Number of protein chains: 2
Amino acid sequence: MPKSQLRSQLNLSESGEDYLKAIFQLREELRRTHDSDLVTTNALAARLGVAPGSVTGMVKKLADLELVTHAPYRGVNLTEVGERLALELVRHHRLLELYLTRVVGFRWDEVHDQADALEHAISEEFEDRIDEMLGNPAYDPHGDPIPTKEGQITGPELAPLAAMIPDPDRIYTIVRVLTQDPTLLRYLDQLRLTPGTHIRLMARAPFGGDLRVATETAECLISPLIAGVMLVMHSGH
Amino acid sequence: MPKSQLRSQLNLSESGEDYLKAIFQLREELRRTHDSDLVTTNALAARLGVAPGSVTGMVKKLADLELVTHAPYRGVNLTEVGERLALELVRHHRLLELYLTRVVGFRWDEVHDQADALEHAISEEFEDRIDEMLGNPAYDPHGDPIPTKEGQITGPELAPLAAMIPDPDRIYTIVRVLTQDPTLLRYLDQLRLTPGTHIRLMARAPFGGDLRVATETAECLISPLIAGVMLVMHSGH
DNA sequence: ATTGAGATTTTGGCATACCTCAATTATAAA
DNA sequence: TTTATAATTGAGGTATGCCAAAATCTCAAT
Ligand SMILES: [Mn+2]
Ligand SMILES: [Mn+2]
Ligand SMILES: [Mn+2]
Ligand SMILES: [Mn+2]
């Protein structure tokens, strides 16, 4: 079923769409770290900047629409339809981020908030046009995978640089950064630590100290916190 | 004061923005035909697809914000600030319409509804970028003038083709079409009666009959209703 | 100038959506 | 079993909309 039908049939509010997307993203994060599928009320409230009571209310509404399953006092999960809808929103968001950087000329630290506003307002036709204009891209400016029109989302196995063992002979490729913080994004840009860059992890200071990272042209020190949001892949060589 | 400040300070709802824009546009239409400045409750209700009572309520809110003046039972008018805000929205709308046709590749009958949704969602920076990308355009795809960033709106004196006297030697330029109806827009496109086209008014059938119009390559008959929305300018020659 | 019919506008009552806060209840760790 | 944490409930607030009754205006006829 094309998304336009799904979205217009359900006539979901912008707020409802935000909840769905937040549930999807929090679940992704849970799967990366823990092994859970259930998103808690508090986590959702924090993410959306809303009181916990508001979350319970909206979650009930979404459960009535069969977009989520709700186990009271335990957590929320997406149904198949809910996940599909969430993926369509994530697709909008990430396509827009890439469009805003590649076509409109924004920096990668400027696009998240704009995409958050635009993702609810664009038409399916607009989505299709920019997808084509961008050559059916698979990744957004931060390396986040863009779901296909059919709702498929894939990507290589990635691990944070923070989990790697220093080895000057091993080359990694930066694939994705797990942050939308403009300040951090600008800082990474300045150090040329952006998706696509080849790096080597030279050394790690003891007791949670900084990591020494070499690009092809320079070396720098980054905190474990930063290394935790940089997802890398083993590079050939 | 830049619009971003004006918009964020007032924190006006999307609904409020729609009212402001509707008041502005109805007032423009009144000025063209009658000589009034006061927009009636009913006209606003019809335009916005809302009950008259809803209009009274919102108008009161806008009057509290000093964006409009409200003379009960008489009508509503924009204050200076309200007009400024309305012009900023109209600028968004018309820039977006042009952008959607020229850059994204939509036809002129497809862009109005999309611009209506997007005009509330884009940032000032996005507005500036597409304005630059389009070369600071003065007119949208329908020939509607685009207000400047400073809120200036100008345009040549125009009259509907319907008001012209047939004269095969006189050449007009189509400058603007006063409709957003997709069916009519497609029809005009098909007849090549689009802004920029040079035409001559050959004849007019009696008793409100059709007008015979010649383009450089063809002739066609159009109804007085259509000729009423086609605004033309005397062309050199 | 006055009047009264008809049209328009406002008012007041109600509904829905989304939010907050405070009190209550459930869960799970100590 | 106790206690801390988390989630839900219920009351209440704001924004926006609808409808129908009441108020007000307009305008043509006297
Ligand atoms: Mn983003
Ligand atoms: Mn992203
Ligand atoms: Mn338009
Ligand atoms: Mn237009």
Side-chain angles (χ1 to χ4, degrees), chain A residues 7-23 26-27 29-30 34-65 67-77 85 89 116-117 120-121, chain B residues 7-23 26-27 30 34-77 85 89 116-117 120-121:
Chain A
R7 272 184 80 190
S8 54
Q9 253 175 240
L10 279 160
N11 206 246
L12 195 59
S13 65
E14 184 167 323
S15 195
E17 292 186 347
D18 280 335
Y19 276 82
L20 238 37
K21 190 165 66 106
I23 294 166
L26 285 171
R27 195 182 62 172
E29 291 167 25
L30 280 183
H34 312 63
D35 207 32
S36 168
D37 256 13
L38 259 63
V39 176
T40 67
T41 297
N42 262 1
L44 263 176
R47 176 64 59 102
L48 293 164
V50 129
S54 313
V55 173
T56 305
M58 178 61 86
V59 159
K60 277 183 174 169
K61 216 165 305 181
L62 294 174
D64 281 346
L65 292 170
L67 297 172
V68 305
T69 53
H70 182 210
Y73 290 101
R74 309 209 138 261
V76 185
N77 201 353
L85 211 37
L89 281 160
D116 262 353
H120 307 285
Chain B
R7 274 184 80 191
S8 54
Q9 252 175 239
L10 280 159
N11 206 245
L12 195 58
S13 65
E14 184 167 323
S15 196
E17 292 186 349
D18 280 334
Y19 275 83
L20 239 36
K21 190 164 66 106
I23 294 166
L26 285 172
R27 195 181 62 172
L30 281 183
H34 311 65
D35 208 32
S36 168
D37 255 13
L38 259 62
V39 176
T40 68
T41 298
N42 261 2
L44 261 177
R47 176 63 60 101
L48 292 165
V50 131
S54 311
V55 173
T56 305
M58 178 60 87
V59 159
K60 277 183 174 169
K61 215 165 307 183
L62 294 174
D64 280 346
L65 292 169
E66 304 198 79
L67 297 172
V68 305
T69 53
H70 182 210
Y73 291 100
R74 311 211 133 261
V76 66
N77 200 351
L85 211 36
L89 280 161
D116 262 352
H120 307 285

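This structure is a prediction, so every number in the text was calculated from the model and none was measured.
- For the OP1/OP2 pair of C/dA17 and a distance below 4.0 Å, the side-chain nitrogens and oxygens of A/S15 include no atom meeting the criterion.
- If you take CG of A/L48 and P of C/dA17, they are 19 Å apart, rounded to a whole angstrom.
- One atom, OH of B/Y73, and another, C1' of D/dT24, lie 4 Å apart when rounded to the nearest Å.
- With DNA chain C read from its 5' end, the first of the two nearest nucleotides for A/S13 and B/V55 is the one closest to B/V55.
- Between B/T56 and C/dT11 there is no side-chain polar atom (N or O) within less than 4.0 angstrom of OP1 or OP2.
- Counting non-hydrogen atoms under 4.0 angstrom, B/V50 reaches the backbone sugars and phosphates but no base.
- Of all nucleotides listed (D/dT8, D/dT16, C/dT10), C/dT10 comes nearest to the side chain of B/P52.
- Atom-to-atom, NE2 of B/H70 to C1' of C/dT11 comes out at 12 Å; the value is rounded to the nearest Å.
- Each of D/dA7, D/dT16, D/dT26 was ranked by its minimum atom distance to the side chain of B/R74; first place goes to D/dT26.
- Remark: A/E17 CD to A/H120 NE2 distance equals 6.0 Å, nearest 0.5 Å.
- The separation between A/L44 atom CG and D/dT8 atom C1' is 15 Å, rounded to whole Å.
- Side-chain nitrogen and oxygen atoms of B/Y19 include at least one within less than 4.0 Å of the OP1 or OP2 phosphate oxygen of D/dG17.
- Rounded to whole angstrom, the span from the CG atom of B/L20 across to the P atom of D/dT16 amounts to 13 Å.
- Side-chain atoms of A/L20 and A/L12, non-hydrogen and from C-beta on, do get closer than 4.5 Å to each other.
- To the nearest 0.5 Å, the span separating CG on B/L26 from OG on B/S36 amounts to 11.0 Å.
- Side-chain contact between B/D18 and B/L48 is present, with heavy atoms from C-beta onward closer than 4.5 Å.
- The side chain of B/S54 approaches D/dG17 more closely than any other nucleotide in the set C/dC19, D/dG17, D/dA23.
- Heavy atoms of B/G49 sit under 4.0 angstrom from primed sugar atoms or phosphate atoms, though from no base atom.
- B/L38 has its CG atom 11 Å from the P atom of D/dT26, to the nearest Å.
- Under a cut-off of 6.0 angstrom, the local environment of CG in B/D64 is crowded, with over 12 non-hydrogen atoms contributed by other residues, nucleotides or ligands.
- The number of heavy-atom neighbours closer than 6.0 Å to CD of B/E66, taken from other residues, nucleotides and ligands shown, is 12 or below.
- Residue A/T40 has its side chain nearest to D/dA7 when only D/dA23, D/dT16, D/dA7 are considered.
- Distances from the side chain of B/T41 to the nucleotides D/dT16, C/dT20, C/dT10 place C/dT10 closest.
- Between the CG atom of A/N11 and the P atom of C/dC18 there is a distance of 11 Å, rounded to whole Å.
- The CD-P distance, from B/E14 to D/dG17, rounds to 11 Å in whole Å.
- Between B/K61 and D/dT16, a side-chain N or O to OP1/OP2 separation shorter than 4.0 Å is present.
- For D/dT5, the OP1/OP2 oxygens have no side-chain nitrogen or oxygen of A/N42 closer than 4.0 Å.
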